[in-house]
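Below, each value reflects all heavy atoms present in this structure, side chains not excepted, and no hydrogens, waters or symmetry copies.
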Amino acid sequence: MNMEFKHKSVLFDEAIAALELNENKIIADGTAGGGGHSKEIAKHAKRLIAIDQDPDAISVLKERLGEFSNASIVRSNFSNIKTIVSDLGLSGIDGMLLDLGVSSFQLDNGDRGFSFHQDAPLDMRMSKEGLSAYDVVNTYDEQALAQVIWKYGEEKFSRSIARNIVKAREVSPIETTFQLVDIIKASMPAKELKKGHPARRTFQAIRIEVNRELDMLSEALENAFECLNPGGIIAVITFHSLEDRIVKEKFSEWTRGCTCPKEFPVCVCGNKPKGELPFKSKSPGEEELEDNPRARSSRLRAFKKY
């Protein structure tokens with residue numbers, strides 16, 4: 001295994017600051033990856049729970065966090081936070097960080113099939129288990145494929161891509177990332193091929209489907225909220241509008257007070273805000289964007305529980 005588990009953590013300082021760390025806090029890093037955030041949290045918190053579903057990440061975390069006696073490393077999906085907290089015998093946590101999307105390590109490690117820049121078997125499984133990109137591409141019917149590519153990739157050529165995938169696999173299975181890239185390119189008008197990489201949106205869509213990323217995120221936010229002690233903070237870094245919308249809507253629901261119609265003279269719903277937003281949202285500055293172009297669409301949001 002390639003031990004160079006690199007992940008340039010986007011909005012690193014801002015995310016760490018958002019957690020308001022101190023030596024009395026128990027903090028979960030739900031996407032511990034290469035351990036960048038985790039290491040910083042372990043230095044300043046009472047206890048760190050480093051969670052990742054990728055077995056490669058777990059091997060690296062054991063090595064990189066070995067010096068911290070206050071760190072627990074757990075292989076699981078971050079949506080299972082309630083079970084994880086209870087299995088560790090804890091009554092709650094004071095913060096949870098989610099740095100979403102694919103780590104640079106997963107993208108750069110060609111054989112995982114996440115990248116459209118390297119030829120590899122179609123895989124894209126963050127956990128290395130279950131449904132793979134190969135299964136999606138070779139077994140979903142044309143309508144289901146088009147729906148996935150449109151819904152999760154917001155790709156306007158989703159129908160023609162789905163149609164050409166089905167046509168190609170009738171001849172032989174689509175096994176590699178480059179085979180899929182060629183089909184995507186052939187499904188678009190020539191002028192579209194000049195607007196960034198033509199496969200970006202379709203690859204994003206298939207990856208989200210394979211890893212059930214949006215479902216897991218919604219579940220994780222609900223479960224993390226239940227685990228949070230008063231004053232606890234959830235900080236989330238998102239990488240595309242679909243993720244960001246889920247986080248924004250959930251945080252806005254938790255901070256909303258009375259939901260009665262305006263014409264009601266007094267409140268009858270009794271709905272009280274469950275917390276506040278320490279800041280609206282943060283995006284990377286110019287310097288960070290120059291250093292890491294992958295950060296362009298990223299955004300940090302935080303919620304603090306009352």
Side-chain angles (χ1 to χ4, degrees), residues 7-33 35-52 77-82 84-85 90 92-101 103 213-214 216-257 271-285 288-289 292 294-306:
H7 177 54
K8 284 183 184 164
S9 297
V10 174
L11 292 160
F12 182 90
D13 296 337
E14 293 87 342
I16 292 295
L19 291 167
E20 299 178 9
L21 298 174
N22 67 43
E23 64 280 6
N24 300 314
K25 291 191 171 183
I26 299 168
I27 306 286
D29 182 351
T31 44
H37 288 123
S38 282
K39 205 166 190 177
E40 193 62 23
I41 292 165
K43 286 178 193 167
H44 302 285
K46 177 184 179 181
R47 176 113 186 236
L48 160 74
I49 308 164
I51 304 161
D52 208 287
N77 184 280
F78 55 67
S79 62
N80 301 321
I81 184 63
K82 267 164 68 173
I84 295 166
V85 167
L90 300 168
I93 55 175
D94 303 299
M96 179 150 174
L97 174 65
L98 297 177
D99 180 4
L100 303 173
S103 70
E213 288 174 36
L214 302 184
M216 294 297 187
L217 174 57
S218 296
E219 245 172 80
L221 292 172
E222 287 294 351
N223 292 336
F225 177 84
E226 286 185 44
C227 292
L228 275 192
N229 296 325
I233 292 166
I234 301 175
V236 189
I237 301 169
T238 60
F239 285 85
H240 53 76
S241 58
L242 300 169
E243 291 171 339
D244 187 54
R245 195 176 307 139
I246 290 172
V247 177
K248 186 182 178 181
E249 284 172 5
K250 190 49 72 182
F251 286 5
S252 129
E253 180 192 313
W254 292 338
T255 51
R256 201 176 295 135
N271 196 46
K272 296 269 193 294
K274 297 175 176 71
E276 64 188 22
L277 305 180
F279 50 85
K280 198 176 171 193
S281 75
K282 293 185 178 178
S283 302
E288 183 166 6
L289 290 175
N292 184 5
R294 283 178 189 162
R296 185 154 302 283
S297 54
S298 63
R299 183 162 282 186
L300 169 71
R301 294 184 187 274
F303 166 82
K304 188 172 188 173
K305 190 175 183 178
Y306 284 156

*Can you label the angle between the F12 ring and the H37 ring as parallel, tilted or perpendicular, going by 30° and 60°?*
parallel
*Please confirm whether K305 makes a cation-pi placement over F225, using NZ or CZ under 6.0 Å from the six-membered ring centre and within 45° of the ring normal.*
yes
*Residue from I84, D29, L100 passing side-chain contact (heavy atoms from CB on, under 4.5 Å) with F78*: L100
_Gap separating the OG atom of S298 from the NZ atom of K282, nearest 0.5 angstrom_ = 13.0 Å
*Beyond-backbone contact of E226 with K82, side-chain heavy atoms, under 4.5 angstrom*: yes
*Any side-chain heavy atom of I27 within less than 4.5 Å of one from L97?*
no
*Any side-chain heavy-atom pair from F239 and D99 closer than 4.5 angstrom?*
yes
*Would you verify whether the NZ or CZ of K248 falls within 45 degrees of the ring axis of F251 while also being under 6.0 Å from that six-membered ring's centre?*
no
*Please step through side-chain contact (heavy atoms from CB on, under 4.5 Å) for the pair L90 and R47, ending with a clear verdict.*
CA-CA 11 Å; L90 300 168; R47 176 113 186 236; 3.6 Å; yes
*asked:* Looking at G35, is its backbone amide N or carbonyl O close enough to the side chain of S38 to form a donor-acceptor pair, meaning the two atoms are under 3.5 Å apart?
replied: no
*Taking all heavy atoms of H240 and all of L214, pick out the closest pair and write down the distance.*
CE1-CD2, 4.3 Å
_D244 side chain to T238 backbone, donor-acceptor under 3.5 Å_ = no
*Can you check whether I246 reaches L221 side chain to side chain, under 4.5 Å on heavy atoms?*
yes
*Is there side-chain contact between N77 and I51, with heavy atoms separated by less than 4.5 Å?*
no
*Can you see which heavy atom on E20 is nearest to which on K25, and at what distance?*
O-NZ, 2.7 Å
*Side chains of K46 and N22: does their closest heavy-atom pair fall under 4.5 Å?*
no
